[in-house]
Amino acid sequence: MDKTGSVTRIADAVINIDFGRKGFAIRGKAEEGRISFEDGIAEAQSVFREAQISADPHLLVLVELTFIFQELQLCPESDKEAFGSLTQAKQDFDDAFLALEVVENSTLYKEADKLFPHRNQFRIKGFPKDAFHIACGSHKTRLQNILRSPVDPIEKSLLKQRIANLVTAQSGYIEKQAKVV
């Protein structure tokens, strides 16, 4: 799967979703907004499904981070809760990319494994609960919290797909950890 194309498609999809949401609130623009919203959701779901099929943790995180980054760019700073949550998610996934780099270097990762306690609370399936797992777990919780609020049914399906992608990303990452440790 083409990573650059996926990033571009996700960025465009988020812009369409945002335009659609804003269009709902403008008299005479509701229909145009609905179309833009639905097109954006459909395109984002398509990209997320393709990324999930690839099972590549790097691609899965890249697509999710792009979505988050676009949302952050479109989020007004006055919306303190959303802005703060998106900023934290961006920082978490930046750290996840660093963990991906380390896990792909077997010598470095074997040494890094020694830094993590071996108690179950610091492990996932016996492997270190590092920045990658923390980012996926925290973001999965964020998305599940959004699902609990009143959200358009088609947007709920996108949120569920994103959660499924995080689970797939973690599974792929655990495979990488298993190869190294």
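The shortest non-hydrogen separation linking Ile146 to Ser149 is O-OG, 2.6 Å. Minimum heavy-atom separation, Gln177 to Pro128: NE2-O, 3.2 Å. Across every non-hydrogen atom of Arg142 and Ala89, the tightest pair is NH2-N, 3.6 Å. Between Ala51 and Ser54 the shortest heavy-atom distance is O-OG, 2.6 Å. Gly40 approaches Ala13 most closely through the heavy-atom pair O-CB, 3.3 Å.
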Exercise for review: Decide yes or no on side-chain hydrogen bond (donor to acceptor under 3.5 Å, both in side chains) for Ser6 and Glu50, but give the supporting numbers first.
Suggested key: CA-CA 9 Å; Ser6 298; Glu50 291 169 17; 5.3 Å; no
Exercise for review: Could you give me the CA-CA distance, side-chain angles and deciding distance for Gln88 and Asp92, then say whether side-chain hydrogen bond (donor to acceptor under 3.5 Å, both in side chains) is met?
Suggested key: CA-CA 6 Å; Gln88 184 62 54; Asp92 288 348; 2.8 Å; yes
Point to revise | Stepwise side chain to side chain contact (heavy atoms under 4.5 Å, CB included) test for Glu104 and Leu100 | key: CA-CA 6 Å; Glu104 290 171 351; Leu100 262 171; 4.3 Å; yes
Practice item. Starting from the C-alpha separation in whole Å, work towards a yes-or-no answer on side chain to side chain contact (heavy atoms under 4.5 Å, CB included) for Lys3 and His58. Key: CA-CA 9 Å; Lys3 291 179 182 176; His58 190 270; 3.2 Å; yes
Exercise for review: Quick one: do Arg148 and Asn145 satisfy side-chain hydrogen bond (donor to acceptor under 3.5 Å, both in side chains)? Show the steps, please.
Suggested key: CA-CA 5 Å; Arg148 289 185 189 102; Asn145 287 341; 2.4 Å; yes
Exercise for review: Take Glu111 and Lys114 through the test salt bridge (charged side-chain N to carboxylate O under 4.0 Å, His left out) and record every step on the way to the result.
Suggested key: CA-CA 5 Å; Glu111 291 302 311; Lys114 296 174 185 175; 3.2 Å; yes
Review point. Between Phe132 and Val103, is a side chain to side chain contact (heavy atoms under 4.5 Å, CB included) present by the stated rule, with each step listed?
Key: CA-CA 10 Å; Phe132 191 92; Val103 82; over 6 Å; no
Check your understanding: When you look at Ile68 and Arg162, which way does the side chain to side chain contact (heavy atoms under 4.5 Å, CB included) test go after all the steps?
Key -> CA-CA 11 Å; Ile68 291 166; Arg162 291 171 67 192; 4.2 Å; yes
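In this structure, CD in Gln144 is found 11.0 Å from NE2 in His139, a value given to the nearest 0.5 Å. Note that NZ of Lys129 is 12.0 Å distant from CZ of Arg119, once rounded to the nearest 0.5 Å. Annotation: the span from Thr168 atom OG1 to Ile53 atom CD1 amounts to 10.0 Å, rounded to 0.5 Å. The structure places CG of Asp79 at 12.5 Å from CG of Leu74, a figure rounded to the nearest 0.5 Å. Atoms CD and CG, from Gln70 and Leu86 in turn, are 11.5 Å apart once rounded to the nearest 0.5 Å. Glu155 contributes atom CD, which lies 9.5 Å from atom CG of Leu147 (distance to the nearest 0.5 angstrom).
No side-chain heavy atom of Asn165 sits less than 4.5 Å from a side-chain heavy atom of Glu64. Asp130 is listed as a side-chain neighbour of Tyr109, based on a closest heavy-atom distance under 4.5 Å. A 4.5 Å side-chain heavy-atom check between Leu166 and Leu143 finds at least one atom pair inside the cut-off. With contacts defined as side-chain heavy-atom distances shorter than 4.5 Å, the pair Asn16/Glu43 does not qualify. Contact of the Asp152 side chain with the Arg34 side chain is registered, since non-hydrogen atoms from C-beta on lie closer than 4.5 Å. In this structure, Val61 and Tyr173 have side chains that are not in contact, with every pair of non-hydrogen atoms separated by 4.5 Å or more. Within the 4.5 Å cutoff, the side chain of Lys179 has no heavy atoms near those of the Lys176 side chain. Counting heavy atoms from C-beta on, the side chains of Phe69 and Val14 never come closer than 4.5 Å.
Using modelled atom types, no side-chain atom of Ser106 and backbone atom of Val180 make a donor-acceptor pair closer than 3.5 Å. Remark: the backbone N or O of Ala82 is not paired with any side-chain donor or acceptor of Ser85 at under 3.5 angstrom. Using modelled atom types, no side-chain atom of Ser36 and backbone atom of Gly33 make a donor-acceptor pair closer than 3.5 Å. With hydrogens and angles disregarded, no donor-acceptor distance shorter than 3.5 Å links the side chain of Ser46 to the backbone of Ala42. Under the 3.5 Å distance criterion, the side-chain polar atoms of Arg123 are matched with a main-chain donor or acceptor of Phe116.
The aromatic rings of Phe48 and Phe67 are tilted relative to each other, their planes meeting at an angle between 30° and 60°.
The cluster map of Ile, Leu, Val, Met, Phe, Trp and Tyr, joined by side-chain heavy atoms under 4.5 Å apart, puts Ile174 and Val102 in the same cluster. Leu60 and Val167 fall into different hydrophobic clusters, where Ile, Leu, Val, Met, Phe, Trp and Tyr residues are linked whenever their side-chain heavy atoms come under 4.5 Å apart, directly or through other members. Phe122 and Ile124 fall into different hydrophobic clusters, where Ile, Leu, Val, Met, Phe, Trp and Tyr residues are linked whenever their side-chain heavy atoms come under 4.5 Å apart, directly or through other members. Two different hydrophobic clusters hold Phe19 and Val47 under the rule that ILVMFWY side chains link at heavy-atom gaps under 4.5 Å.
More than 12 heavy-atom neighbours from other residues, nucleotides or ligands sit within 6.0 angstrom of CZ on Phe97.
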